[in-house]
Student: 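The structure follows.
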Amino acid sequence: MINITLPDKSVRQVESGTTALDIAKSISEGLARNVLAAKVNGEVIDATLPINEDASLNLLTWNDDEGKAAMWHSSAHLMAEAIEQLYPGVKFGIGPNVENGFYYDIDFGETQVSDADFKKIEDRILSLAREKQTFNRREISKADAIDYFTGKGDEYKLELIDELADGEITFYESGTFTDLCRGPHLPGTGMIKAVKLLGIAGAYWRGDEKRKMLTRIYGITFPKQKELTEFLEMLEEAKKRDHRKLGAELEIFAFSQKVGQGLPLWLPKGAELRERLEQFLKIVQKKMGYQQVITPHIGKVELYKISGHYDKYGEDSFHPITTPIEGEEFFLKPMNCPHHCEIYNSIPKSYRDLPYRIAEFGTVYRYEQSGELHGLTRVRGFTQDDAHIFCTPDQLKDEFKGVMDIVEIIFKALDFNDFIIQISLRDPDDMEKYIGSEENWEKAEKAILEVVEERGLDVIVESGEAAFYGPKMDFIVKDALGRKWQLGTIQVDYNLPERFELEYVGADNEKHRPVMIHRAPFGSMERFVAVLLEHCAGKFPLWLTPDQAIVLPISEKYHKYAEKVLNLLNNSEIRALVDERSEKTGRKIRDAELKKIPYMLIVGEKEENDGSVSVRKQGEGDIGTFTVEEFVKMVNEEVDRLLDIKI
RNA sequence: GCCGAUGUAGCUCAGUUGGCCAGAGCAGCUGAUUUGUAAUCAGCCGGCCGGGGGUUCGAAUCCCUCCAUCGGCUCCA
């Protein structure tokens, strides 16, 4: 007999060799029907595998991420089986579960497959699911595994097997399909009740663009039809939040084929909004000792050779522009730091001048591959809220913290709470990629990790994601469709000061090298506004939104009073307008609601007589009648609450 | 850049076994209406069917090519 400890700490004595599924059955049939996999001593395995020793046991269901993972991983196998039946002779790459579903990379040979084929594949998957196939795990020797896939002619699986050690290879069989797989899998395919193939795309084998492109099919499955319906509804909702759609509707930005792809045009409302964001940051930065600078949009090629960017990105950049007579070469600046280094260098520095913090809303241009462009989040011309801090090594940590304070202030003012902090360090397996001394890298990485430690931050650490010149901390958010975007960034750099021979005279009267911090709390204005649009679904915070209020006169008779209200509002720094169309009030309200204007002020006879406005809040409805003064106070208080900056 | 899909009016979409002058709703404009918390009515304007080639008596519809967009892959100083 062995002891099985359940999550509620209760202990069950069972025969050795009992499966998780058996234990579930002993608890209740209902539970057993819902068990997707089991977590035994912290390891996720098939619920149908025997347990042979004392263990803690978690029965994983649809409510557990690991349960979903088993479901979707099994679904990938099922899709592969369906596809193999429909397209005999196809070869398979990898087929994992992902955050929302699963995919399988498939080599279809000469056959063209498109989303028009999805229906057929989905139907086959469902009919296989109904066969209630089981997943049969078996350990197999490396030689036998190689034999099997050699027989099948699947070079992709053979490549994967080649990297595995003999004795750790397992196969899973379900129906007519056998796959190299570690598991775990569902007790049976019958638990898959609904399937939807979501997309088809090319994907390089092993993510290497030099290798063959396979066809990746994404899909998702559910234990209930209803959940699929809900998932699809959620996708529809997310699309409504897409910044590309909202940006057009709210007249924030536009693109023009004539201007060029990836080159955003800020419309008046968007430009005003962006200026408010910039102004806000400028005020914060001023309080924190930054000085504004301005640098040109181009710089000599030589500048980027010194900085090292030329070697790294020269080939991938927009090609240089040249002077007509001398043939001097200039790059459109892809970043501001080299210019800022030269600003540092323009006047000799003493340790008393440090930290030297210079900021610029610097517009930069980068050649992004055409397939990468994406609304405002990935563009070829954008403006960074850039700044560089030059300080002594002793000051580094405090300066780093100061930057984090700014990020915090900004995220708070925008009610932005849902972000991930990522620390990016070197790739220990590929040190060739980086420039700069070992000693400096270690110092920089240590400083960041210490700050994280001191602040008790919840961060994810990624090795190999560092910039080529130094480690960094990034603030990452997800867009409406769950794609991740990097917003703010703080990067430590010992390298550029070296390359630009930056110096300061220390208290010891000797020359020293400063440390440099690159930082951009927004990241880029374009990407930030895009993510903000999606975050607030177009309903910007009151202090930021283009139009804060709209006055809606009931009829032409009250236009005069409406104008008077408008003047009062404008005099109180409230951005407002009047709807003087000869439309019914219901219509004016509807239009203002759709434009997401936060406050609608309805004025008619009653309001004119007692100098008031009837206030309707966007998305909420009528909130009562106020005097204009009261309304102004209410708006100002709401704005101040968000902009409550404590430095 | 690569794989796949898409491209009809400012927006959302009809229209393909190739066949009269390419349609609708919304938006816009004009007029009527003077309106009390999410769409007043009527009329009008608006499209070389993404661009360019080709096949055909005839192309929005079929073929080629380029461009852009969308979903991924790779990349992202």
Side-chain angles (χ1 to χ4, degrees), chain A residues 103 105 108 112-117 198-218 239 242 244-245 248-249 251 254-258 260-262 304 307-314 316-317 331 333-338 364 366-375 377-380 384 386 435 465-470 472 481 483 485-486 489 491 493 495-496 518 524 527 552-559 581-594 600-607 614-623:
Chain A
Y103 67 79
D105 284 347
F108 281 95
Q112 279 284 330
V113 178
S114 79
D115 54 12
D117 301 296
L198 298 169
I200 183 164
Y204 300 109
W205 171 233
R206 315 216 86 177
D208 183 345
E209 63 182 320
K210 291 183 190 68
R211 307 195 63 176
K212 183 160 179 172
M213 182 167 268
L214 306 180
T215 302
R216 176 172 298 178
I217 299 181
Y218 286 90
K239 278 186 194 154
D242 192 315
R244 292 166 295 188
K245 185 174 162 62
E249 280 171 11
E251 299 172 22
F255 287 93
S256 153
Q257 289 194 24
K258 292 194 184 72
Q261 58 174 169
Y304 302 101
S307 72
H309 292 102
Y310 182 86
D311 279 345
K312 191 88 183 167
Y313 297 101
D316 304 324
S317 297
F331 273 122
K333 73 174 170 187
M335 80 292 299
N336 306 297
C337 26
V364 297
R366 296 177 184 175
Y367 170 75
E368 303 288 0
Q369 299 185 119
S370 61
E372 266 317 316
L373 300 172
H374 183 92
T377 49
R378 192 78 185 270
V379 289
R380 284 178 171 169
Q384 297 177 312
D386 211 357
I435 55 181
E465 290 295 313
F468 72 94
Y469 51 73
K472 57 180 183 168
L481 294 170
R483 289 172 292 220
W485 298 100
Q486 177 208 304
T489 184
Q491 314 182 349
D493 185 356
N495 174 56
L496 274 191
H518 309 245
S524 87
R527 182 175 289 179
L552 309 179
I554 292 299
S555 81
E556 214 169 324
K557 277 183 271 181
Y558 311 106
H559 280 188
R581 295 174 305 165
S582 68
E583 293 288 351
K584 290 184 168 180
T585 308
R587 175 54 181 270
K588 292 183 183 179
I589 287 170
R590 179 182 156 80
D591 289 347
E593 287 277 351
L594 291 176
M600 285 151 268
L601 310 179
I602 294 140
V603 296
E605 188 177 356
K606 191 155 53 80
E607 289 78 9
S614 182
V615 181
R616 183 189 165 98
K617 201 165 184 177
Q618 201 271 346
E620 291 178 29
D622 195 351
I623 60 169

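Lettering of chains follows the sequences in order, A, B, ..., and the numbering in each one begins at 1. Basis for what follows: all heavy atoms, side chains included, without hydrogens, waters or symmetry-related copies.
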Student: Measure from the side chain of A:K606, starting at C-beta and using heavy atoms only, and say which of B:rU35, B:rC2, B:rG36 lies closest.
Tutor: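 Shortest atom-to-atom distance from the side chain points to B:rG36.
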Student: Are there runs of at least three consecutive Watson-Crick or G-U pairs touching RNA chain B, with each pair's two distances under 3.5 angstrom? Give them by first number.
Tutor: B:1-7 with B:67-73, B:10-13 with B:23-26, B:28-32 with B:40-44, B:50-54 with B:62-66
Student: Please measure how far the P atom in B:rU16 lies from the corresponding atom in B:rU55, and state the result in whole Å.
Tutor: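 About 26 Å, rounded to a whole number of Å.
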Student: Give me the distance, rounded to whole Å, that separates B:rA77 from B:rA5 when you measure between the C1' atoms they each carry.
Tutor: 33 Å
Student: Select one nucleotide: of B:rG36, B:rG1, B:rC73, the one nearest the side-chain heavy atoms of A:R216.
Tutor: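 Among B:rG36, B:rG1, B:rC73, the one nearest the side chain of A:R216 is B:rC73.
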Student: Could you tell me if the side chain of A:H518 sits less than 4.5 Å from the side chain of A:Y469, heavy atoms only?
Tutor: yes
Student: On the nucleotide B:rG72, are OP1 or OP2 found under 4.0 Å from the side-chain N or O atoms that A:R483 carries?
Tutor: yes
Student: Measure the distance between the ring centre of A:Y313 and the centre of the six-membered base ring of B:rA77, then answer whether it is under 5.5 Å with planes under 30°.
Tutor: yes
Student: Of all the nucleotides listed (B:rA77, B:rU35, B:rC3), which has the minimum atom distance to the side chain of A:M213?
Tutor: B:rC3
Student: Are A:L373 and A:R380 close enough that some pair of their side-chain heavy atoms sits under 4.5 Å apart?
Tutor: yes
Student: Give me the atom names and distance for the closest heavy-atom approach of A:K588 to A:P553.
Tutor: NZ-O, 3.0 Å
Student: Using the P atom in both, what is the distance from B:rC62 to B:rG15, to the nearest Å?
Tutor: 13 Å
Student: Ignoring hydrogens, what is the shortest heavy-atom contact between A:Y304 and A:P338? Give both atom names and the distance.
Tutor: CE2-CG, 3.9 Å
Student: Once you round to the nearest 0.5 Å, how far does CZ of A:R527 lie from CD of A:Q384?
Tutor: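 Spacing of CZ (A:R527) from CD (A:Q384) equals 10.5 Å.
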Student: In terms of side-chain heavy atoms of A:K472, which of B:rG71, B:rU37, B:rA77 is nearest?
Tutor: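 From the listed options, B:rA77 comes nearest.
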Student: Using only side-chain N and O atoms of A:Y218, determine if any of them is under 4.0 Å from OP1 or OP2 of B:rC73.
Tutor: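 Yes, within the criterion.
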Student: Nearest to the side chain of A:R366, heavy atoms from C-beta on, is which of B:rA77, B:rU40, B:rA38?
Tutor: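 Of the candidates, B:rA77 comes closest.
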Student: Distance check, C1' atoms only: B:rC73 and B:rC11, in whole angstrom units.
Tutor: 32 Å
Student: Between A:Q491 and A:T215, name the one whose nearest nucleotide on RNA chain B is closer to the 5' end.
Tutor: A:T215
Student: Using OP1 and OP2 only, check whether a side-chain N or O of A:Q261 sits under 4.0 Å from B:rU69.
Tutor: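 Answer is yes, contact under 4.0 Å.
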Student: Of the options B:rU35, B:rG36, B:rG71, whose atoms approach the side-chain atoms of A:H374 most closely?
Tutor: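 Within the option list, the nearest is B:rG71.
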Student: Verify the contact: side-chain N or O of A:K212 to OP1 or OP2 of B:rC2, cut-off strictly under 4.0 Å; return yes or no.
Tutor: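 Looking at the OP1 and OP2 atoms of B:rC2, neither is under 4.0 Å from any side-chain N or O of A:K212.
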Student: Look at the aromatic rings of A:F331 and A:Y310 and report parallel, tilted or perpendicular, splitting at 30° and 60°.
Tutor: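 Tilted: the ring planes of A:F331 and A:Y310 meet at 30° to 60°.
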Student: Just compare B:rG71, B:rA68, B:rU34 and give me whichever is closest to any side-chain atom of A:S555.
Tutor: B:rU34
Student: When rounded to the nearest Å, what value does the distance between P atoms of B:rC45 and B:rG25 take?
Tutor: 14 Å
Student: Side-chain N or O of A:R587 versus OP1/OP2 of B:rU40: is the shortest distance under 4.0 Å?
Tutor: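 Looking at the OP1 and OP2 atoms of B:rU40, one of them is under 4.0 Å from a side-chain N or O of A:R587.
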Student: Enumerate the protein-to-nucleotides 47-51 of chain B contacts in which both atoms are nitrogen or oxygen and the separation is below 3.5 Å.
Tutor:
none

Student: So does A:R244 get a side-chain nitrogen or oxygen closer than 4.0 Å to the phosphate oxygens (OP1/OP2) of B:rG71?
Tutor: yes
Student: Expressed in whole Å, how much space separates the C1' atoms belonging to B:rG28 and B:rC21?
Tutor: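 Comparing C1' positions in B:rG28 and B:rC21 gives a spacing of 25 Å.
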Student: Report the nucleotide, chosen from B:rU40, B:rA38, B:rA5, that has the shortest atom-to-atom distance to any side-chain atom of A:E593.
Tutor: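 Closest nucleotide among those given: B:rA38.
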Student: Under a 4.5 Å cut-off applied to non-hydrogen side-chain atoms, are A:R211 and A:Y204 in contact?
Tutor: no
Student: Among B:rA38, B:rC73, B:rC76, which nucleotide has an atom closest to any side-chain atom of A:E368?
Tutor: B:rC76
Student: Distance between the C1' atoms of B:rC13 and B:rG54, in whole angstroms?
Tutor: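 Those two atoms are separated by 30 Å.
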Student: Given A:K557 and A:E605, is the salt bridge (charged side-chain N to carboxylate O under 4.0 Å, His left out) satisfied, shown in steps?
Tutor: CA-CA 9 Å; A:K557 277 183 271 181; A:E605 188 177 356; over 6 Å; no
Student: When you measure from the side chain of A:M335, which nucleotide among B:rG36, B:rG72, B:rA77 comes out closest?
Tutor: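 Between B:rG36, B:rG72, B:rA77, the one nearest the side chain of A:M335 would be B:rA77.
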Student: Specify the closest pair of heavy atoms between A:D105 and A:R216, including all atoms of both residues, with the distance to one decimal.
Tutor: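 Minimum heavy-atom contact is OD1-NE, 2.6 Å.
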Student: When you compare B:rG19 with B:rU61, how far apart are their C1' atoms, in angstrom units rounded to a whole number?
Tutor: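 Between the two C1' atoms, the distance is 11 Å.
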Student: Among residues at least two apart in sequence or on other chains, which ones pass side chain to side chain donor-acceptor pair (under 3.5 Å) with A:D242?
Tutor: A:R244
Student: Heavy-atom count check: over 12 atoms from other residues, nucleotides or ligands less than 6.0 Å from A:E249 CD?
Tutor: yes
Student: Give a yes or no on whether a donor-acceptor pair under 3.5 Å exists between the nucleobase atoms of B:rG10, that is its base, and the side chain of A:E249.
Tutor: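 For A:E249, whose side chain was compared with the base of B:rG10, there is no donor-acceptor pair (under 3.5 Å).
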Student: Where each residue is assigned the nucleotide of RNA chain B containing its nearest heavy atom, which of A:D208 and A:I554 is assigned the position nearer the 5′ end?
Tutor: A:I554
Student: One thing to verify: whether A:D622 and A:K617 come together as a salt bridge, which I'm taking to mean a side-chain N less than 4.0 angstrom from a carboxylate O.
Tutor: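 The answer is no: the pair does not qualify as a salt bridge.
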